[in-house]
Amino acid sequence: MIEGGCFCGAVRYQIDNALDHASACHCSRCRKTFGGASSAYAEIADGSKFSWVTGEDELTEHTSAQGWGIAFCRICGSTLCGMFDGKVHGVTLGTVDGDPGVQIEMHTFVGSKAPWDHIGGSAPQFKEGPPDSDASGVVK
Ligand SMILES: [Zn+2]
Ligand SMILES: [Zn+2]
């Protein structure tokens, strides 16, 4: 069981049982969304179940022109999860309590990273999306 929540504690979620495909995207949209150098995001693994424990009514959703949405706590502003087709697609790794059981597997859109961003670690870096993605970086 993976648990997480926002900064103020109003919103809590749990995942039964795993995350998958953790990545950091350095594109300008993710920098705005996550308020940092990149996203730090992992998908709900196939066969795993995401559920809100508390505070679901404190969530606000924003959907981008590309069709991807985020949900964040309207009290403290923590970005908690990514939405796709009205469903939770994955969570922001910064909101997970403890060890999420995954590590960043790749850095994407490194070609448009912020000038102050210094990427460490040994995960592969892609100038744009990963090789099997479309133009917006969505892996098919
Ligand atoms: Zn909050
Ligand atoms: Zn991005």
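In each ligand, atom 1 is the first atom listed, and ligand 1 is the first ligand listed.
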J.: Please check: side-chain N/O of Tyr41 versus main-chain N/O of Gly90, any donor-acceptor pairing under 3.5 Å?
T.: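 Present.
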J.: With the Zn ion (ligand 2) as the centre, enumerate protein N/O/S atoms below 2.8 Å in chain and residue order.
T.: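 Result, waters dropped: Cys25 SG, Cys27 SG, Cys30 SG.
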J.: Determine whether a donor-acceptor pair (N or O, by modelled atom type, separation under 3.5 Å) exists between the side chain of Ser39 and the backbone of Cys25.
T.: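 Yes.
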J.: If you measure from OG on Ser78 to CZ on Phe72, what distance do you get to the nearest 0.5 Å?
T.: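 One gets 11.0 Å once the value is rounded to the nearest 0.5 Å.
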J.: Rounded to the nearest 0.5 Å, what separates atom CZ in Phe84 from atom CD1 in Ile70?
T.: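 Phe84 atom CZ to Ile70 atom CD1 measures 15.5 Å (nearest 0.5 Å).
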J.: Which protein atoms of type N, O or S are found under 2.8 Å from the Zn ion (ligand 1)?
T.: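 Within the sphere that stays under 2.8 Å of the Zn ion (ligand 1), the protein atoms of type N, O or S are Cys6 SG, Cys8 SG, Cys73 SG, Cys76 SG.
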J.: With distance as the sole test, does Thr60 use its side chain to make a donor-acceptor pair with the main-chain N or O of Arg74 at under 3.5 Å?
T.: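 Not a single qualifying donor-acceptor pair exists.
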J.: More than 12 non-hydrogen atoms from neighbouring residues, nucleotides or ligands closer than 6.0 Å to CD on Glu3, yes or no?
T.: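 Yes - once you tally the heavy atoms of other residues, nucleotides and ligands closer than 6.0 Å, there are more than 12.
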J.: Could you check whether the rings of His26 and His107 sit parallel, tilted or perpendicular, using 30° and 60° as the cut-offs?
T.: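 Tilted.
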J.: So, Thr33 side chain and Arg29 main chain: donor-acceptor pair closer than 3.5 Å or not?
T.: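 Flag set: sc Thr33 to bb Arg29 pair under 3.5 Å.
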J.: For Gln66, is there any backbone N or O sitting under 3.5 Å from a side-chain donor or acceptor partner on Ser64?
T.: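 Yes, because the side chain of Ser64 sits within donor-acceptor range (under 3.5 Å) of the backbone of Gln66.
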